[in-house]
Q: 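Attaching a single structure in structure tokens format; questions to follow.
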Amino acid sequence: MSKRKSSDSLENGPKKNKPNGHWSMGLLAAIDDPKLFIESDDLIHIIRDKYPKAKFHYLVLPKEDITSIKSVTSTHLSLLKHMEQVALELISRDKHKESTFKIGYHAEPSMSRLHLHVISDDMNSESLKTKKHWNSFTNDFFLKSEDVIKDLEKNGKIILPPREVCKKLMETPLKCHKCDVKPKNMPELKKHIVTHFNR
DNA sequence: GTTCTAGAAC
DNA sequence: GTTCTAGAAC
């Protein structure tokens with residue numbers, strides 16, 4: 001009998017794949033949206049995140065049909081390095097001179113097609129609304145690109161936190177990413193973080 | 001991933 | 001009474 005198929009088919013269930021119109025396919029549509037598209041090269045696309053969680057929030061996606069970080073293997077190492085280089089070049093541009101950035105992957109992404117988040121660390125955006133939004137960029141749910149690449153080089157695969165750990169990370173009480181303040185809810189957090197970039 | 005909204009929290 | 005969070009969405 002045949003072995004189990006790829007992790008992709010496990011994620012999507014044994015019976016059906018996600019239809020193209022499903023929300024989890026939204027990034028593929030975003031590439032074709034002139035409002036979001038920025039540029040491409042031979043291997044990747046750069047787009048704006050449709051719901052930016054900071055002043056600047058971009059996504060770098062491979063043209064190759066890689067569903068998510070869960071299906072990345074050593075064979076993709078040079079591609080991941082390229083994606084990181086593209087991200088570094090992007091943040092070096094003049095319009096980003098005043099910002100610092102984080103570059104990385106979500107441990108448990110919701111949207112299909114592997115995507116590298118390139119996000120300024122102000123975290124000041126109307127689209128940032130929930131605890132899950134906050135935690136997904138400010139704790140270990142956010143896997144830094146350099147760490148993912150190191151992992152792949154050292155271990156031959158990416159060590160992803162188990163589902164239960166991801167769940168815990170999402171439920172982590174709110175904490176400022178720049179100091180020890182622990183706001184009691186999202187509105188307070190959003191009021192607090194702006195104090196870090198007033199000068 | 002977002003939207004909507006019931007009911008918890010205040 | 002209003003604000004806020006969290007779970008359903010066929």
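Hydrogens, waters and symmetry mates are skipped; everything else that's a heavy atom, side chains included, is used. Chain naming here is simple, since letters A, B, ... match the order of the sequence lines and numbering starts at 1 in each.
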Q: Rounded to whole Å, please give me the gap between CG in A/Leu28 and P in B/dG1.
A: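 About 16 Å, once rounded to whole Å.
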
Q: For A/His133, which contact category applies under a 4.0 Å heavy-atom criterion: base, sugar-phosphate, or nothing?
A: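 Since only primed, P, OP1 and OP2 atoms lie under 4.0 Å of A/His133, the category is sugar-phosphate.
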
Q: Please report the distance, rounded to the nearest Å, between CG in A/Asp49 and P in B/dT2.
A: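 Atom CG in A/Asp49 sits about 8 Å away from atom P in B/dT2.
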
Q: For A/Lys53, answer base if it contacts any base atom (sugar-phosphate contacts may also be present), sugar-phosphate if it contacts only those atoms, and nothing otherwise; contact means non-hydrogen atoms under 4.0 Å.
A: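 The answer is sugar-phosphate, as A/Lys53 gets under 4.0 Å only of primed atoms, P, OP1 or OP2.
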
Q: With heavy atoms under 4.0 Å as the rule, sort A/Lys50 into base, sugar-phosphate or nothing.
A: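 No contact.
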
Q: Look up atom CG in A/Leu114 and atom CG in A/Leu79, then write down how far apart they are to the nearest 0.5 Å.
A: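 Here the rounded value is 7.5 Å.
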
Q: Does the side chain of A/Thr73 come within less than 4.5 Å of A/Ile158's, by heavy atoms?
A: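 A/Ile158 does not reach A/Thr73 side chain to side chain.
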
Q: Using 30° and 60° as the class boundaries, would you call the ring planes of A/His96 and A/Phe56 parallel, tilted or perpendicular?
A: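 Perpendicular: the ring planes of A/His96 and A/Phe56 meet at over 60°.
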
Q: Assign A/Lys129 to base, sugar-phosphate, or nothing according to its heavy-atom contacts below 4.0 angstrom with the strands shown.
A: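 Sugar-phosphate contact only.
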
Q: Base, sugar-phosphate or nothing for A/Pro187? Non-hydrogen atoms, less than 4.0 Å.
A: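 The answer is sugar-phosphate, as A/Pro187 gets under 4.0 Å only of primed atoms, P, OP1 or OP2.
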
Q: Can you measure A/His22 atom NE2 to B/dG1 atom P for me and round it to whole angstrom units?
A: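 Value for this atom pair: 13 Å.
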
Q: Under a 3.5 Å limit for both distances, which nucleotide forms a Watson-Crick or G-U wobble pair with C/dC10, could you say?
A: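 Answer to the pairing question: none, since C/dC10 forms no Watson-Crick or G-U pair.
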
Q: Provide, to the nearest angstrom, the distance between the CD atom belonging to A/Glu126 and the C1' atom belonging to B/dT2.
A: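 Rounding to the nearest Å, CD of A/Glu126 and C1' of B/dT2 are 15 Å apart.
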
Q: Can you tell me the distance, in whole Å, between the CG atom of A/Asn185 and the P atom of B/dA8?
A: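 For the pair A/Asn185 CG and B/dA8 P, the rounded distance is 18 Å.
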
Q: Which whole-number value in Å describes the distance from A/Lys132 NZ to C/dG7 C1'?
A: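 That distance rounds to 12 Å.
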
Q: Rounded off to whole Å, could you give me the CG-to-P distance for the A/Asp33 and B/dG1 pair?
A: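 Going from A/Asp33 (CG) to B/dG1 (P), I get 19 Å.
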
Q: State yes or no: do A/Ile44 and A/Leu77 share one hydrophobic cluster built from I, L, V, M, F, W and Y residues joined by side-chain heavy-atom distances below 4.5 Å, directly or via other members?
A: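 They do share one cluster, since a chain of ILVMFWY contacts under 4.5 Å joins A/Ile44 to A/Leu77.
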
Q: Just how far, in rounded Å, is C1' of B/dA9 from NZ of A/Lys131?
A: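 Between C1' of B/dA9 and NZ of A/Lys131: 13 Å.
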
Q: Which of parallel (below 30°), tilted (30 to 60°) and perpendicular (above 60°) describes A/Phe142 and A/Phe137?
A: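 Tilted.
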
